[in-house]
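So the structure is just underneath, and the comments pick up after that.
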Amino acid sequence: MSLGKRIKEYRVNNNIDQKEFAEKIDVTQPYLSHLESGKVEASERLKNRILKIIENGTKETVETSETVEIDNVKSPKHYMLGDLEIEVKDVIFEVVKDMKGSEAVCVGNILKYVMRARKKNGIEDYQKAYEYLGYLLEELCKK
């Protein structure tokens with residue numbers, strides 16, 4: 001059985017909604033939905049976290065050594081790069097700091113969509129990145 005089907009079966013059997021389970025595994029609800037439907041694959045670390053919960057067979061979360069406050073306005077989970085404690089915006093600012101105008105906008109959006117895709121909108125974000133890559137190439141070919 002796929003991981004997504006196992007997650008859904010576990011949730012249904014334990015009367016847990018997607019939002020609650022997403023919080024337990026530290027992802028967004030839309031990302032969990034994509035996991036369950038097979039649109040995205042979980043990282044090894046996330047798979048292990050999920051399997052510990054599912055195989056334990058309880059509604060308990062996996063304990064961590066520290067609690068991290070998440071500010072969904074300033075630092076949403078889908079804009080954090082794994083355990084690096086780096087936000088996507090910091091990477092974007094560093095990459096585009098010497099660019100101007102539409103080049104900076106396009107590159108920034110490409111990076112944003114690619115880096116958040118697995119945690120947020122999956123293929124839709126990759127399609128948006130592809131669209132901005134097209135805009136960028138149009139602009140660069142004009143020069």
Side-chain angles (χ1 to χ4, degrees), residues 1-14 16-56 59-143:
M1 182 183 304
S2 73
L3 180 62
K5 288 181 182 177
R6 288 182 70 188
I7 294 168
K8 186 167 187 173
E9 181 180 277
Y10 173 81
R11 284 192 317 93
V12 169
N13 290 341
N14 289 282
I16 301 172
D17 64 23
Q18 278 189 339
K19 184 177 181 198
E20 182 181 352
F21 194 76
E23 289 172 2
K24 288 178 184 287
I25 61 172
D26 198 30
V27 299
T28 63
Q29 182 276 322
Y31 182 73
L32 177 59
S33 177
H34 289 309
L35 270 176
E36 288 185 356
S37 66
K39 291 180 181 176
V40 296
E41 288 186 31
S43 67
E44 282 303 310
R45 183 169 172 225
L46 180 56
K47 282 181 194 176
N48 290 335
R49 195 174 331 142
I50 292 167
L51 291 173
K52 282 181 184 177
I53 293 170
I54 291 173
E55 290 170 359
N56 189 21
K59 293 172 77 171
E60 298 301 314
T61 62
V62 176
E63 295 299 320
T64 58
S65 58
E66 61 185 63
T67 302
V68 178
E69 286 278 327
I70 301 292
D71 181 339
N72 283 325
V73 172
K74 294 182 181 175
S75 301
K77 294 176 198 172
H78 58 272
Y79 284 122
M80 295 299 290
L81 295 177
D83 293 334
L84 300 176
E85 296 184 20
I86 298 172
E87 286 190 58
V88 170
K89 69 180 170 99
D90 297 324
V91 173
I92 293 170
F93 290 152
E94 183 62 28
V95 171
V96 303
K97 70 182 177 188
D98 297 323
M99 297 178 188
K100 292 184 177 10
S102 60
E103 181 181 17
V105 171
C106 289
V107 170
N109 277 303
I110 291 165
L111 292 170
K112 172 182 73 174
Y113 288 124
V114 167
M115 288 190 279
R116 79 175 196 186
R118 293 201 60 192
K119 288 186 176 181
K120 192 163 185 205
N121 297 320
I123 195 164
E124 183 180 311
D125 278 342
Y126 290 123
Q127 290 168 330
K128 289 175 184 176
Y130 182 78
E131 185 175 346
Y132 276 97
L133 180 59
Y135 299 150
L136 176 62
L137 290 172
E138 272 182 40
E139 287 299 313
L140 294 177
C141 289
K142 287 179 187 178
K143 294 180 180 181

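Only this structure's heavy atoms are used, side chains among them; waters, hydrogens and symmetry mates stay out.
- If you take CZ on Arg11 and CG on Asn13, they are separated by 10.5 Å, rounding to the nearest 0.5 Å.
- Atom CD1 of Ile25 sits about 8.5 Å away from atom CD1 of Ile54, to the nearest 0.5 Å.
- Annotation: side chain of Tyr126 is not in contact with side chain of Tyr113 (no heavy-atom distance under 4.5 Å).
- What you find for Ala129 and Val114 is that their closest heavy atoms are CB-CG2, 3.6 Å.
- Between atom NZ of residue Lys142 and atom CG of residue Leu137 there is a gap of 12.0 Å, rounded to the nearest 0.5 Å.
- Asp26 has its side chain within reach of Arg49: a pair of non-hydrogen atoms, C-beta onward, lies under 4.5 Å apart.
- Closest of all the heavy-atom pairs between Ala42 and Leu3 is CB-CD2, 4.1 Å.
- One distance of note links CD1 of Ile110 with CG of Leu136; it measures 5.0 Å at 0.5 Å rounding.
- The backbone N or O of Ala117 lies less than 3.5 Å from no partner atom in the side chain of Asn121, so there is not a single donor-acceptor pair.
- Salt bridge present: Glu94 and Lys97 bring a charged side-chain N and a carboxylate O closer than 4.0 Å.
- The side chain to side chain donor-acceptor pair (under 3.5 Å) search around Glu124 returns Lys128, not counting sequence neighbours.
- Residue Gln18 is tested with Glu23, Glu36, Lys8 for a side-chain hydrogen bond (donor to acceptor under 3.5 Å, both in side chains); the sole match is Glu36.
- Using a cut-off of 4.0 Å between Lys/Arg side-chain N and Asp/Glu carboxylate O, Lys120 and Asp125 are scored as not salt-bridged.
- Partner of His34 under the side-chain contact (heavy atoms from CB on, under 4.5 Å) criterion, chosen from Ile123, Val27, Val40: Val40.
- Side-chain contact between Leu35 and Ile50 is present, with heavy atoms from C-beta onward closer than 4.5 Å.
- The distance from atom OG of Ser102 to atom CG of Asn109, rounded to the nearest 0.5 Å, is 11.5 Å.
- Remark: the backbone N or O of Ile16 is not paired with any side-chain donor or acceptor of Asn14 at under 3.5 angstrom.
- Between the side chain of Ser37 and the main chain of Ser33, a donor-acceptor pair closer than 3.5 Å is present.
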Steps toward side-chain contact (heavy atoms from CB on, under 4.5 Å) verdict (Lys47, Lys52): CA-CA 9 Å; Lys47 282 181 194 176; Lys52 282 181 184 177; over 6 Å; no

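- Partner of Tyr135 under the side-chain hydrogen bond (donor to acceptor under 3.5 Å, both in side chains) criterion, out of Glu131, Glu139, Glu138: Glu131 alone.
- Arg116 CZ to Thr28 OG1: the interatomic distance, rounded to the nearest 0.5 Å, is 10.0 Å.
- Side-chain contact between Met99 and Val105: absent, with no pair of heavy atoms (C-beta onward) separated by less than 4.5 Å.
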